[in-house]
J.: 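Got a structure for you, questions after.
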Amino acid sequence: MGMGIDVRNRMAKRAAEEVTPGMVVNLGIGIPSLVPNHLPGGMNVMFHAENGIVGMGESPVRGLEDENLCNAGGFPVTVLQGSSYCDSAMAFGMIRRGRVGLTILGSLQVSKRGDLANWIVPGKKVPGMGGAMELAQKARKVIVLMNHTDKNGAPKILESCTLPLTASECVDLVITDLAVFKVENGSLLLTELFAPHTITEIAARTGCDFSVAEDLRVIDY
Amino acid sequence: MGMGIDVRNRMAKRAAEEVTPGMVVNLGIGIPSLVPNHLPGGMNVMFHAENGIVGMGESPVRGLEDENLCNAGGFPVTVLQGSSYCDSAMAFGMIRRGRVGLTILGSLQVSKRGDLANWIVPGKKVPGMGGAMELAQKARKVIVLMNHTDKNGAPKILESCTLPLTASECVDLVITDLAVFKVENGSLLLTELFAPHTITEIAARTGCDFSVAEDLRVIDY
Amino acid sequence: MEMELEIKMENPFGKIATLEKAMEHFHDGMTLMFGGFGGVGSPPDLIDGILEKNIKNLVLIGNDTGFPEIGIGKIVSRGRAKKIIASHIGSNPVAGTLMTEGLLEVEFSPQGTLCERIRAGGMGLGAILTDIGVGHDLVSKGKKTMELNGKDYLIEPALTAEVSIVYARKADPYGNLVFDKSARNTNPLVAMAGAFTIAEAEEIVPLGSLNPEEIVTPGVFVDMVIPSGGVNWKWAWE
Amino acid sequence: MEMELEIKMENPFGKIATLEKAMEHFHDGMTLMFGGFGGVGSPPDLIDGILEKNIKNLVLIGNDTGFPEIGIGKIVSRGRAKKIIASHIGSNPVAGTLMTEGLLEVEFSPQGTLCERIRAGGMGLGAILTDIGVGHDLVSKGKKTMELNGKDYLIEPALTAEVSIVYARKADPYGNLVFDKSARNTNPLVAMAGAFTIAEAEEIVPLGSLNPEEIVTPGVFVDMVIPSGGVNWKWAWE
């Protein structure tokens, strides 16, 4: 990139723009976990974990981990002022009731209609859905952060997902290493691209058609 | 009576015999509330209230009532060591899950099959069922404490209840001012009578037939 | 709004407000859910605010109708509700009279079922299946039933409301709540079921002063917190 | 039993016991529900006790299969379970291998639905209605559906178990429990769903030393309390 910021953090930084003050946010593992690093200081955001935490802070200093204070992925966290613990049923009640404003998830595939496929690769990997279905169906906004193509270069944004769905028509925004798409009325709108990538390049690496926003933004951070 | 103990307390004292150590007990208003006075000292019984208390103790000294510590009837109580507060949903979860060992309720009518009618007098009094249905259906043992006849002398123990039922075939034991009946296999067994009442008198004031236990006990406290 | 607040408190989430501000969320004909059990744990200032603003034709959802001048009873007794979903009205004779005269529609729900219906609403569920009231004329009337593993159940639909009002012992600026003894009762359930939830708190404490382990209602479910003047009714036992 | 107890504690409810005593409640082929989430908050001594007693053909119910040598994973990895109802097995590759080889039956339930099914069991309900997974091949497979107010729902049946095992920060002699931070997770739900519930506690404190407001699981749901030796596994992040 040469911008002093790696691809993963660029994606996380873009996702962070979607976070508004006071929001309850649930982050998936991987790139989404980088999002908090890109929020303005002093922004009151409540990070939510499915196991029963509201108000997570940054990772603990090595050696100061608390085995009984971990996120849903099983990794040690800290909590901020105003945090609370609850049982996992209530943590999911928050999701189903629409009180979680934003979830940022990784995915294996996304369709142009916003279908999400991130829980199973038949015959290869059957990890189970965990809490992904609730988050995908019920968070008020669903953002997918993923590489534009898989490790073989095959598109992960498709006309229809070939992998079993986690939930259908649930994704609002897709942020890849190349571009940002909005899902609108069952089709994709390219709203942003990360410099130096081009629309042609993105079209070549995307498995379905998409519109291009009139005010297409080029992100150069 | 002449035994130095009034009728209401005699009934309560008999009911107290059904309480075993460690039991979770829910008491209705009225005569059932006298039961704790008749338990042996030091017996570990946990009194449960539908609003969300486990471990109630005796009534507070007048003037020391706490407006935020009341039983389900809205009257001030105290709590003992080992008590806990919960929301009302959990208080009823305890009942439905069968963790409440005993409930002692008042009633308007009871049938020989153990049907309970204690929530409504059509056209006269429509208070609503409150928590009576859950307690009647789900407490592991249901005892009714009531006068043998109504204020007009009409029997309250009947072949079939004439008032709408709270729950059917739920009562295990009926303790009146005259006698004690067990409900067994859909019929009544007279197991005890309070001195100086007689079987003949009880039969005359009961609205259905009943068997008499071979080892009929006469209670003279 | 900030100016009107007498409490000098940081308000980083904008949830702390005045009774006047809270009153903007009430209107005639609305569905209103309230915490409390026999009046214990019902929010006095919000109830008075509703009375003073002359809100009417309310559809109320809560455990009971309180006493005539205690808790939600103050609203019911003055004929401000057209309907209530509750488990009993026995402690408020005025409610019984209004019902008999056809001025108040009452939908009775067994107490534990009512609690679960409210909780289900708050948890984003559609309904619960219970065997309480199966075959019972009034309780099962108009309700779907289902057999599951050889047992019959009633489908008891979730309940939600446009606004929920609850009474808390303490609130922090995020709306985290703790309750006081048996005044907890239905409040944590009601707090989750409102599309907009207002907590009236005896005390508003700074962020971080509630132990995260002790918080009963996470502020996630609470949209507004107002300070309480405390209970202003005489209790039935007094 | 009393003699074996190292803790000098009044035992007025007879609930405080030893691991040996607790082990009498486990047998081959039983249905066992466990608290914990990724191993955090799972009871280490009870899990080791089950391993040492060589209990097998277990039907397990819980959030996940832990890690291979963490939490319930220790039991799963050794092939002691014939079936598990869980939301994911991703953190325990051995579970995946056993499943692929047909040695472990896995019933997947979405995490929040699983929590509610366990809670429903603990609360004496028959099922819950949720729209999570409606139309989803795997989740809706074999399940009844129902339309309610124009929306489709899945009927998700309640789950209970012969024995539930949970891990608590503190217990008192009545079995009242408090948990530690995110180690609470599914424990309060699992504690209610067992026909017989055993709590392993880091600390057993005298009756009256837990604040009644802070108790998360009332002892009403807890049949036995045993002292814990503490977590004896190395965490995935270590």
Side-chain angles (χ1 to χ4, degrees), chain B residues 29 49-54 56 59-60 62-63 65-79 83-97 100 116 119-138 164-169, chain C residues 36-41 63-67 70-71 86-93 95-96 99-100 106 108-116 118-119 130-139 167 169 179-190 202 216-217 231 233 235-238:
Chain B
I29 52 173
E50 299 93 305
N51 49 344
I53 314 175
V54 175
M56 286 187 293
S59 299
R62 192 167 298 192
E65 297 93 349
D66 180 337
E67 66 194 32
N68 288 341
L69 182 45
C70 294
N71 62 20
F75 286 89
V77 293
T78 57
V79 289
S83 65
S84 60
Y85 302 111
C86 61
D87 65 40
S88 306
M90 190 183 268
F92 278 93
M94 294 171 186
I95 300 170
R96 282 190 309 262
R97 185 76 177 119
V100 172
L116 179 77
W119 79 281
I120 191 172
V121 183
K124 280 194 177 165
K125 211 178 156 195
V126 189
M129 70 289 286
M133 291 180 59
E134 283 92 346
L135 284 163
Q137 262 185 255
K138 295 294 180 176
L165 297 189
T166 307
S168 58
E169 301 182 26
Chain C
F37 198 114
V40 176
N63 182 66
D64 59 82
T65 49
F67 295 81
I70 293 177
S87 70
H88 76 87
I89 61 169
S91 52
N92 188 342
M99 183 179 74
T100 307
V106 180
F108 285 114
S109 200
Q111 210 159 57
T113 298
L114 181 63
C115 290
E116 287 294 329
I118 293 171
R119 179 188 177 279
T130 179
D131 62 351
I132 299 297
V134 167
H136 189 280
D137 288 351
L138 182 123
V139 174
Y167 191 48
R169 171 71 191 86
F179 303 93
D180 189 25
K181 307 184 197 77
S182 72
R184 181 186 305 195
N185 57 64
T186 64
N187 278 297
L189 311 166
V190 167
E202 283 185 52
V216 174
T217 296
V231 165
W233 49 68
W235 292 97
W237 42 267
E238 278 176 324

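This structure is a prediction, so every number in the text was calculated from the model and none was measured. Naming: A, B, ... by sequence-line order, numbering from 1 per chain.
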J.: Using every non-hydrogen atom in the two residues, find where B/Gly128 and C/Phe108 come nearest and quote the distance to one decimal.
T.: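 Distance-wise, the nearest heavy atoms are CA-CE2, 3.4 Å.
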J.: Using a 3.5 Å distance criterion without hydrogens, assess whether the side chain of B/Glu67 forms a donor-acceptor pair with backbone atoms of C/Ala183.
T.: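 Not confirmed, B/Glu67 side chain does not pair with C/Ala183 backbone.
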J.: Rounded to the nearest 0.5 Å, what separation is found between the CG atom of C/Asn63 and the CG atom of B/Asn51?
T.: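 So the gap between those two atoms works out to 8.5 Å.
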J.: Of the backbone (N, CA, C, O) and the side chain (C-beta and beyond), which part of C/Pro188 lies under 4.5 Å from a heavy atom of chain B, both, or neither?
T.: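 The side chain, not the backbone.
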J.: Determine the minimum heavy-atom distance between B/Leu165 and C/His136, stating which atoms define it.
T.: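 Smallest heavy-atom distance, with atoms named: O-NE2, 2.7 Å.
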J.: Examine whether an atom of C/Asp64 lies under 4.5 Å from a heavy atom of chain B, and if so say whether it belongs to the side chain, the backbone or both; otherwise answer neither.
T.: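 For C/Asp64, neither part sits under 4.5 Å from chain B.
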J.: Could you tell me which non-hydrogen atom of B/Ala89 sits nearest to which non-hydrogen atom of C/Glu116, and how far apart they are?
T.: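 Minimum heavy-atom contact is CB-OE2, 3.8 Å.
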J.: In the structure I gave you, are the side-chain heavy atoms of B/Ile95 and C/Gln111 within less than 4.5 Å of one another anywhere?
T.: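 Side chain of B/Ile95 against side chain of C/Gln111, heavy atoms only: no contact under 4.5 Å found.
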J.: Which bit of C/Leu189 is near chain B, if near means a heavy-atom gap under 4.5 Å: side chain, backbone, both or neither?
T.: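 The answer is the side chain of C/Leu189.
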J.: Is C/Val139 close to chain B through its backbone or its side chain, or both, or neither, when contacts mean heavy atoms under 4.5 Å?
T.: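 Side chain only.
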J.: Which residues satisfy the side chain to side chain donor-acceptor pair (under 3.5 Å) test with B/Gln137, sequence neighbours excluded?
T.: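 Result, side chain to side chain donor-acceptor pair (under 3.5 Å) vs B/Gln137: none returned.
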J.: Quick check on B/Lys125 against chain C: is it the side chain, the backbone, both or neither that has a heavy atom closer than 4.5 Å?
T.: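 Neither part.
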J.: Just how far is it from atom CD of B/Glu134 to atom OG1 of C/Thr130, taken to the nearest 0.5 Å?
T.: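 So the gap between those two atoms works out to 7.0 Å.
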J.: Quick one: CE on B/Met133 to OG on C/Ser87, what's the gap to the nearest 0.5 Å?
T.: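 One gets 11.5 Å once the value is rounded to the nearest 0.5 Å.
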J.: Side chain, backbone, both or neither: which part of C/Thr100 has a non-hydrogen atom closer than 4.5 Å to chain B?
T.: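 Contact with chain B involves no heavy atom of C/Thr100 at all.
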